[in-house]
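I have placed the structure first, in the form of structure tokens, so that the comments after it can refer back to it.
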Amino acid sequence: MTRAALHWFRDDLRLADNPGLAAATAHGPTLCLYILDEGGERRRLGGASRWWLAQSLRALSASLRERGAELVVMRADPADLLPKLVAEAGIDLVTWSRRYEAAAIALDRDLKETLVGAGVTVRSFNSHLLNEPWQVSSKLGEPMKVFTPYWRAARAKGEPAAPEPAPQRILPLPLPRALARAAVDLTDLALEPARPDWAGGLRAEWTPGEAGAAERLGDFLSGSLGGYGEGRNRPDCVSTSRLSPHLRFGEIGPRQIWHACQTASAAGMAAGGASDIDKFLSEIGWREFSYHLLFYNPELATKNYNARFDAFPWAPETQALKRWQRGQTGYPLVDAGMRELWATGWMHNRVRMVVASFLIKHLLIDWRQGEDWFWDTLVDADPASNAASWQWVAGSGADAAPYYRIFNPVTQGEKFDPRGDYVRRWVPELADLDDAAIHTPWQASASALRDAGVSLGETYPMPVIDLAFGRQRALDALASVSGET
Ligand code: FAD
């Protein structure tokens, strides 16, 4: 019997450390497939993610071609397509990397049953996480609810397996003639914006794809890893790895990051010491914990983890959400973050916490509205980390920020953007204000505003809400559902 394999690429758009691809190519000639599946239960990708996906598929396609294979792209329902494709092409092994959203798990389970029923071997692998969500549990064998013991238990499992290199050559399996017409060109997927083309800032900032991810990691290990423990809070400098979109699309995996940290450290090539590396890996740990939460709470993006928050008294709808989305709240740090997001598809973690807290607490707008906006605009929009982080800020999540923790955008700005460089970059109409006024333009004297060319209410908005009023209103609302008085 001839041997033929299919590797179905999903959120694992890389060749190295991809055990499913390795198993397929070791088995025999391989069909490398990507399916854009937008009809089912799965959440449709947001605009920024679609842009990223287009670039990432292009990069993957080029690397496959260098190794002798083609990336076949189709727009289809995988449940219909795969059984037909496998039968037509005489494929006896199908491989993929596991996914963790409920709808994807259900689709994969059903599909596996169908294919196995047709006599095909199906093998699924972990390429996305250090540990599968079910591999870490409490001493009683239960899902974990608090990060610190979760991460301690995860680390106690020891080193993750060493990543496998990319296959040198891939023997291609041609697409059967009967299905050749179902293959589409990448541009036919219409993943990129055309009119208007709003992706200029994304193109300027990012190099999607496996090579771009490896370069980011290298730059980080020899650069901002030094002092990461402290520096990671500073949005005014490049202080973090910016690997999140690469991780989201599986252009790099956490095993590779883990081992690269150890190798660089052992070779004396890492800019940071053991405590910086530990801190960095613990952030990867938050990603793992988010997947653990998502796996055990499939409705994490839509339902309060803590049901007490179902009774939360959100404010009636106003123009405030639009002002937040557009970076026009009148609070410079919030506006800088929202504009950075719009321009580049990414926002620094410290600022994400501040803008999320401002939306939920000062403006009393449902965290799901913020989660949704981030889902559409982030290049790293992630089904687990986005939902878990929004619930963390809201106070409704597992191991969440305490309900009385309300980030003050002014003091956060003064502490983490002390010279106002971040605000000046993203809110240029305030650039000529002096450092003392950059986070509080409404308190600046008339002459300081005039000298800086700022006219409040015209060139830059007045604050959308009074901070003290918003804070007290939030505390009252939060106390009503927190169970604490
Ligand atoms: P680094 O500091 O270099 O961290 C390395 C990696 O660890 C990141 O790439 C990321 O994969 C992971 N990581 C870091 N912090 C966290 C965290 N708090 N939670 C989970 N994983 C983390 N991250 C996403 O990847 N996708 C999202 O959709 C997302 N939405 C968020 C929404 C809100 C409201 C908040 C407060 C945070 C969100 N985060 C999200 C987490 C975090 O802000 C980003 O992962 C981080 O800013 C990415 O930048 P980096 O790669 O430079 O991080």
Side-chain angles (χ1 to χ4, degrees), residues 11 43 45-46 48-49 52 128-130 147 150-151 205-206 213 216-217 219-221 223-225 227-235 237-254 256-258 260-261 272 276-294 300-301 324 334 337-338 340-341 344-361 367-401 405 407 412:
D11 294 334
R43 190 174 186 183
L45 290 182
S49 297
W52 189 286
H128 208 57
L129 299 170
L130 296 172
F147 173 72
Y150 168 85
W151 188 230
E205 179 65 33
W206 303 102
R216 278 267 173 197
L217 177 60
D219 288 351
F220 173 67
L221 292 176
S224 27
L225 177 63
Y228 173 84
E230 283 296 311
R232 61 181 285 273
N233 280 309
R234 294 287 297 266
C237 13
V238 177
S239 59
T240 62
S241 72
R242 302 190 183 217
L243 281 166
S244 50
H246 299 288
L247 275 161
R248 158 67 184 85
F249 287 93
E251 298 166 356
I252 193 166
Q256 292 171 293
I257 294 177
W258 180 291
C261 284
D276 289 324
I277 291 179
D278 260 16
K279 186 70 195 157
F280 177 59
L281 293 178
S282 81
E283 297 306 321
I284 302 281
W286 273 100
R287 176 176 179 271
E288 299 272 314
F289 182 53
S290 301
Y291 272 92
H292 183 80
L293 292 175
L294 176 68
L300 198 63
W324 178 83
V334 174
M338 298 309 292
E340 179 182 30
L341 172 62
T344 69
W346 186 88
M347 192 196 301
H348 187 278
N349 181 59
R350 168 65 43 183
V351 191
R352 290 188 203 204
M353 293 193 289
V354 172
V355 304
S357 169
F358 187 78
L359 182 82
I360 300 166
K361 298 186 176 174
W367 62 266
R368 282 160 281 224
Q369 302 262 17
E371 196 274 346
D372 212 43
W373 182 253
F374 270 32
W375 181 261
D376 198 28
T377 52
L378 275 173
V379 283
D380 64 25
D382 184 277
S385 301
N386 199 37
S389 301
W390 275 95
Q391 294 228 39
W392 181 87
V393 178
S396 60
D399 196 10
R405 175 121 196 242
F407 287 87
Q412 289 283 310

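In listed order, ligands and their atoms are each counted from 1. Just so you know, these numbers come straight off a predicted model, no measurement behind them.
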| query | Going by distance alone, is a donor N or O of one side chain under 3.5 Å from an acceptor N or O of the other, for His128 and Arg287? | reply | yes
| said: Which of the numbered atoms in ligand 1 are under 4.0 angstrom from any heavy atom belonging to Trp346? | reply: 48 (C), 49 (O), 52 (O)
| task | In plain terms, say whether Arg232 and Asp276 are close enough for a salt bridge, that is, a side-chain N and a carboxylate O under 4.0 Å apart. | result | no
| Quick one: does Phe280 get a heavy atom under 4.0 Å from ligand 1? | yes
| said: Tell me whether ligand 1 is touched by Phe220 - counting only heavy atoms on the residue side and a distance under 4.0 Å. | reply: no
| said: Give the atom numbers and elements of ligand 1 that come within less than 4.0 Å of a heavy atom of Arg287. | reply: 11 (O), 20 (C), 21 (N)
| said: Quick test: of every protein heavy atom, which one is nearest to atom 26 (N) of ligand 1, and how far off is it to 0.1 Å? | reply: Asp380 O, 2.9 Å
| Between Glu371 and Arg352, is there a side-chain N and carboxylate O pair less than 4.0 Å apart? | no
| From the candidates Ser239, Ser49, Ser389, the one that places a heavy atom nearest atom 37 (C) of ligand 1 | Ser389
| Ser224 side chain to Phe220 main-chain N or O, any donor-acceptor pair under 3.5 Å? | no
| At a 4.0 Å threshold, what atoms of ligand 1 neighbour a non-hydrogen atom of Ser244? | 9 (O), 25 (O), 48 (C), 49 (O), 51 (O)
| note | For Met353, the atoms of ligand 1 under 4.0 Å from one of its heavy atoms are 36 (C)
| What do you reckon, does Arg242 put a non-hydrogen atom under 4.0 Å from ligand 1? | yes
| message | What I want to know is whether Asn349 and ligand 1 share at least one N or O pair that is separated by under 3.5 angstrom. | response | yes
| Which atoms of ligand 1 sit under 4.0 Å from any heavy atom of Thr240? | 1 (P), 2 (O), 3 (O), 50 (P), 52 (O)
| Got an N/O contact under 3.5 Å between Trp286 and ligand 1? | no
| Contact atoms of ligand 1, heavy-atom distance to Ala381 under 4.0 Å | 28 (O)
| note | One should read off an interatomic distance between Ile257 CD1 and Leu243 CG, to the nearest 0.5 angstrom, of 5.0 Å
| said: Could you check whether Trp52 and His246 have their ring centres less than 6.0 Å apart? | reply: yes
| Any idea which atoms of ligand 1 are less than 4.0 Å away from a heavy-atom of Leu243? | 9 (O), 51 (O)
| field | Any Trp392 heavy atom less than 4.0 Å to ligand 1 | value | no
| request: Given side-chain hydrogen bond (donor to acceptor under 3.5 Å, both in side chains), test Gln369 with Trp390 step by step and report yes or no. | output: CA-CA 10 Å; Gln369 302 262 17; Trp390 275 95; over 6 Å; no
| task | Would you mind running through ligand 1 and noting each atom that sits below 4.0 Å from a heavy atom of Leu247? | result | 9 (O), 11 (O)
| So which protein heavy atom does atom 6 (C) of ligand 1 come closest to, and at what separation? | Ile284 CD1, 3.7 Å
